[in-house]
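Only one structure is covered here, and it is reproduced in the block below.
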Amino acid sequence: DAMPIMISGGKIVEIPEKERGKIESFARAEIRMLAERNGHNQALCEAMITITMKVWLIRNTQTGELQLVNPEKEYRKIHGAPTATQPAKSTAKRAGGRWEYVKTIDKTGELVTMHTEEARRLGFFVNAFDDMDDLEKHYNITVEPVVLTDNWSEGLVALLTSPVVMSILMFVGIIAIYAELHTPGFGAAGAVAIVCFAIVFGSHYLVGLANWWEIALFFVGVALLAVELLLIPGFGVAGVTGILCCVAALLAMLIPNTPTEIPWPETEGAWEMFKTGSMGLMAAFVAATVAAMFLARYLPKVPIAGRLVLAAPEAPHTPPTTEDAPILNITAGQVGEVTQTCRPVGKVRIDGRLVDAIADGAFIETGAEVVVLRNEGNRVVIETKT
């Protein structure tokens, strides 16, 4: 059987009637051309594709010739054919018609499937071989046959576009971006993020899921987020627009569409693909958020990992603190307000006193309420109050 099916999430999903009609109409036209070219019965081949078709075996009453036909086209010419009120007559008399009904090969609700002897009796093939050696001898093949299979690159792309691998790549990419934004300059974390997103979009582009404008929209969103975080104080229009661009590009990539079509799932299979991909992306974002919070709090305290991933720049040289300096009276647990963004070094006002401060693990914006973790003499270490 060769009926078109649609698989989503490992399950066969229903194809809407109009879409199925369009797919099968094209497939039957192609199979008719191939059947005629290779001398096969067209009705038998078409019934392998469309489950509503019937195939009858009929006999010429004068010559005894047998034919396989689609009764929807030949019904009135066939004597003794079964009807809704009259059973089939496999031994119909020859009088009154040129062709007579013999038997039903395929009925409505079934697809044509044949084992070897059935296919031979129905004239679907000429020769059958037990192995490749017999085939080579029969056709006098003297060169090594080439067996066509999926190559390694096709298997790799199929793996990379799977929901699980895509979610893992998104998770690693988001964490790498977070780490890059919290380290000076451009380093390994930024390179890892670029590689992850390049693999996600590149693999989907190869299979026709990602269009050029979807890829461009995502990187526009990333650029807007970078501008918002690095150049513009606070978080406003550029940041929100950047997030919306990234989300829209990722969701559009989950829907198969041409560059000129709006990416909207129109079939049940497309909806299943969209839902599965969306759940994978959501899981990646949630996991990345939790991981980022963990990294911000604990990773800087790990001696080796803190230096490699979230190393904080050295604070500018500060003169030694005198014995009567106000900062000496500040103790752990006191609450203050950031007056100069800590990146990670900044200024904090505590009990009316303006002192130097360094954020523990993450940048803290101006106006944020913070709590003192410890006093280092010439500066205090702070974190956001929770």
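Remember, predicted model here, so these are calculated numbers, not experimental data. Numbers here simply count residues along the sequence, with the first being 1.
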Do [X] and [Y] have a side chain donor and acceptor closer than 3.5 Å?
{"X": "Asp351", "Y": "Gln334", "result": "yes"}
{"X": "Thr50", "Y": "Glu24", "result": "yes"}
{"X": "Thr108", "Y": "Thr52", "result": "no"}

Indicate every side-chain donor-acceptor pair of residues 277-291 with a distance under 3.5 Å to a residue at least two apart or in another chain.
| unit_1 | atom_1 | unit_2 | atom_2 | d |
| --- | --- | --- | --- | --- |
| Ser278 | OG | Phe274 | O | 2.7 |
| Thr289 | OG1 | Phe285 | O | 2.8 |

**Prompt:** Ion pair present between Glu46 and Arg32, side-chain N to carboxylate O less than 4.0 angstrom?
**Reply:**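 Result for this pair is yes, salt bridge flagged.
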**Asked** Charged N to carboxylate O under 4.0 angstrom, Lys54 versus Asp106?
**Response**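 Salt bridge: no.
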**Prompt:** Given Leu250, which of His204, Met170, Glu214 fulfils the side-chain contact (heavy atoms from CB on, under 4.5 Å) condition?
**Reply:**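 When His204, Met170, Glu214 are each tested with Leu250, the side-chain contact (heavy atoms from CB on, under 4.5 Å) holds only for Met170.
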Backbone of [Y] reached by a side-chain donor or acceptor of [X] within 3.5 Å:
{"X": "Thr61", "Y": "Arg98", "answer": "yes"}
{"X": "Arg374", "Y": "Ile382", "answer": "no"}
{"X": "Ser203", "Y": "Val157", "answer": "no"}

**Item:** Those residues that, when tested against Val195, pass side-chain contact (heavy atoms from CB on, under 4.5 Å) (two or more places apart)
**Value:**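 With neighbours one apart ignored, the set is Ile199.
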**Asked** Residues in ring-ring contact (aromatic ring centres under 6.0 Å, His included) with Phe218, at least two apart?
**Response**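 Only Phe197, Phe201 meet the ring-ring contact (aromatic ring centres under 6.0 Å, His included) criterion with Phe218.
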**Asked** By ring-ring contact (aromatic ring centres under 6.0 Å, His included), which residues pair with Phe124, not counting sequence neighbours?
**Response**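 Counting only residues at least two positions away or on another chain, Phe124 forms a ring-ring contact (aromatic ring centres under 6.0 Å, His included) with His40.
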Check residues 111-119 and write down every donor-acceptor pair under 3.5 Å in which the side-chain atom is one partner and the other belongs to a residue at least two apart or another chain.
| unit_1 | atom_1 | unit_2 | atom_2 | d |
| --- | --- | --- | --- | --- |
| His115 | ND1 | Glu117 | N | 3.3 |
| His115 | ND1 | Glu118 | N | 3.3 |
| Glu118 | OE1 | His115 | N | 3.1 |

Output side-chain donor-acceptor pairs under 3.5 Å for residues 136-144, partner residues at least two apart or in another chain, one line each.
| unit_1 | atom_1 | unit_2 | atom_2 | d |
| --- | --- | --- | --- | --- |
| His138 | NE2 | Asn127 | ND2 | 3.3 |

